[in-house]
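Working notes, beginning with the structure itself.
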Amino acid sequence: MFLKGKTALVTGSTSGIGLAYAKALAGEGANVMINGFGDTAAIEAERSGIESQYGVKAAYSGADLTKVSEIETMMKQAADTFGTVDILINNAGMQHVAPVDQFPVDKWDLILALNLSAAFHATRLAVPGMRAKKWGRIISTASAHSLVASPNKSAYVAAKHGIAGFTKTVALETATDGITVNCISPGYVWTPLVENQIPDTMKARNMTREQVMNDVLLAAQPTKQFVQPDQVAALAVFLCRDEAASITGANLSMDGGWTAG
Ligand code: NAD
């Protein structure tokens with residue numbers, strides 16, 4: 001319970017990797033604010049389940065992180081509820097798969113806003129409080145696509161490369177403040193985000209579902225295994241430990257060997 005008394009804000013945590021982060025941090029005693037979209041009753045069940053299972057306080061913000069004003073409201077709600085945000089996990093993200101000359105302009109704008117700019121806004125609002133306490137952890141979920149590209153994912157790859165650069169910059173700016181800033185770059189993790197891109201990839205590449213699973217997704221991953229959300233969350237928990245105080249500005253791959261090739 002080394003995070004008892006600390007507060008973690010995890011964006012995009014009503015599902016997938018974000019929910020795994022929230023539970024893992026709560027499991028170490030942190031109070032958590034979860035965020036994201038979904039069925040109201042299901043989100044409330046997750047929120048109250050975190051409180052009862054881990055004996056922490058859990059709050060929910062329904063902020064749409066493509067909107068700057070809603071990010072500002074979320075950060076204020078976290079500060080008003082818990083007094084502080086000690087751990088910020090920039091995780092909310094979306095994907096759209098299309099060739100660049102057919103890429104819908106509104107999807108480009110949304111992906112850049114959610115996968116990149118939202119991390120900037122949440123970070124700029126979290127840093128002063130962390131500086132004041134001389135302790136903070138900022139972790140962003142980047143992707144193997146922060147290091148390498150795949151066709152038909154121009155917005156996602158651009159945003160994730162951006163997150164890697166943003167991480168390095170903020171790490172340098174906060175290096176003497178007790179704050180570490182890192183990103184985790186998973187390969188394919190079995191979550192709704194991956195499941196939902198299968199139909200578009202089938203269309204874009206004229207493939208069956210099985211071909212997309214084996215020839216596109218797991219083809220990239222030498223282990224031939226999907227990364228598990230719990231594995232990503234466990235790395236984030238480690239980054240919160242004092243033993244990880246010298247890890248800053250890093251882009252930590254967890255991709256089954258994908259980017260080793
Ligand atoms: P997911 O679709 O399961 O979860 C996405 C979360 O973001 C959900 O909680 C959703 O409600 C929330 N969200 C979506 N739009 C939002 C908005 N406008 N405002 C606020 N919240 C919003 O996806 P996931 O796979 O768990 O992805 C989480 C992160 O991990 C993303 O940044 C993604 O790019 C990254 N990632 C995923 C994989 C993978 O294979 N699944 C691999 C590498 C990186």
Side-chain angles (χ1 to χ4, degrees), residues 9-24 32-40 42-43 46-47 60-75 77 88-97 106-107 109-119 121-122 139-150 153 155-164 166-167 183-198 201 212-213 216-218 220-221 223 225-233 235-236 251-256 258-259:
L9 168 57
V10 186
T11 71
S13 48
T14 52
S15 146
I17 299 167
L19 187 56
Y21 283 133
K23 289 181 177 175
V32 293
M33 173 167 278
I34 59 171
N35 154 259
F37 298 155
D39 174 70
T40 309
I43 293 171
E46 291 291 0
R47 189 204 63 76
Y60 166 68
S61 162
D64 177 347
L65 301 192
T66 62
K67 301 193 168 108
V68 179
S69 64
E70 296 196 24
I71 299 172
E72 289 170 346
T73 303
M74 174 184 72
M75 298 303 290
Q77 186 191 338
L88 170 66
I89 308 221
N90 295 308
N91 171 74
M94 61 184 286
Q95 175 63 285
H96 186 80
V97 178
D106 60 335
K107 291 279 188 222
D109 288 343
L110 267 182
I111 290 173
L112 268 288
L114 182 63
N115 294 19
L116 181 58
S117 299
H121 293 296
I139 300 164
S140 299
T141 314
S143 164
H145 284 121
S146 73
L147 297 163
V148 295
S150 296
K153 297 183 177 178
Y156 189 88
V157 171
K160 295 299 186 181
H161 276 63
I163 279 288
F166 177 69
T167 295
C183 56
I184 299 177
S185 285
Y188 283 106
V189 188
W190 189 249
T191 69
L193 182 141
V194 168
E195 209 170 347
N196 293 340
Q197 68 187 275
I198 290 177
T201 310
V212 171
M213 295 271 283
V216 178
L217 302 181
L218 291 179
Q221 240 152 254
T223 53
Q225 304 280 333
F226 283 99
V227 178
Q228 297 304 316
D230 290 355
Q231 296 171 337
V232 181
L235 180 53
N251 184 350
L252 301 163
S253 290
M254 188 182 281
D255 61 10
W258 174 352
T259 54

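The structure presented is a predicted model; accordingly, all values stated were derived computationally and were not measured. Both ligands and their constituent atoms are indexed starting at 1 by order of listing.
Contact residues of ligand 1 (protein heavy atom closer than 4.0 angstrom to a ligand atom; sorted by chain and number): G12, S13, T14, S15, G16, I17, N35, G36, F37, A63, D64, L65, T66, N91, A92, G93, L114, T141, A142, S143, Y156, K160, P186, G187, Y188, V189, T191, P192, L193, V194.
Here the side chain of T66 pairs no donor or acceptor atom with the backbone of L114 at under 3.5 angstrom. Looking at K160, its side chain never comes within 3.5 Å of a backbone N or O of V148 through a donor-acceptor pair.
When each of S140, S143, S185 is tested with N251 by the rule side-chain hydrogen bond (donor to acceptor under 3.5 Å, both in side chains), just one qualifies, namely S185.
Under the 30°/60° scheme for interplanar angles, the aromatic rings of W258 and Y188 are found to lie parallel.
Two residues are said to be in side-chain contact when any heavy atoms from C-beta on lie closer than 4.5 Å; Q221 and V227 meet this criterion. Counting only heavy atoms from C-beta outward, the side chains of Q95 and K153 approach each other to under 4.5 Å.
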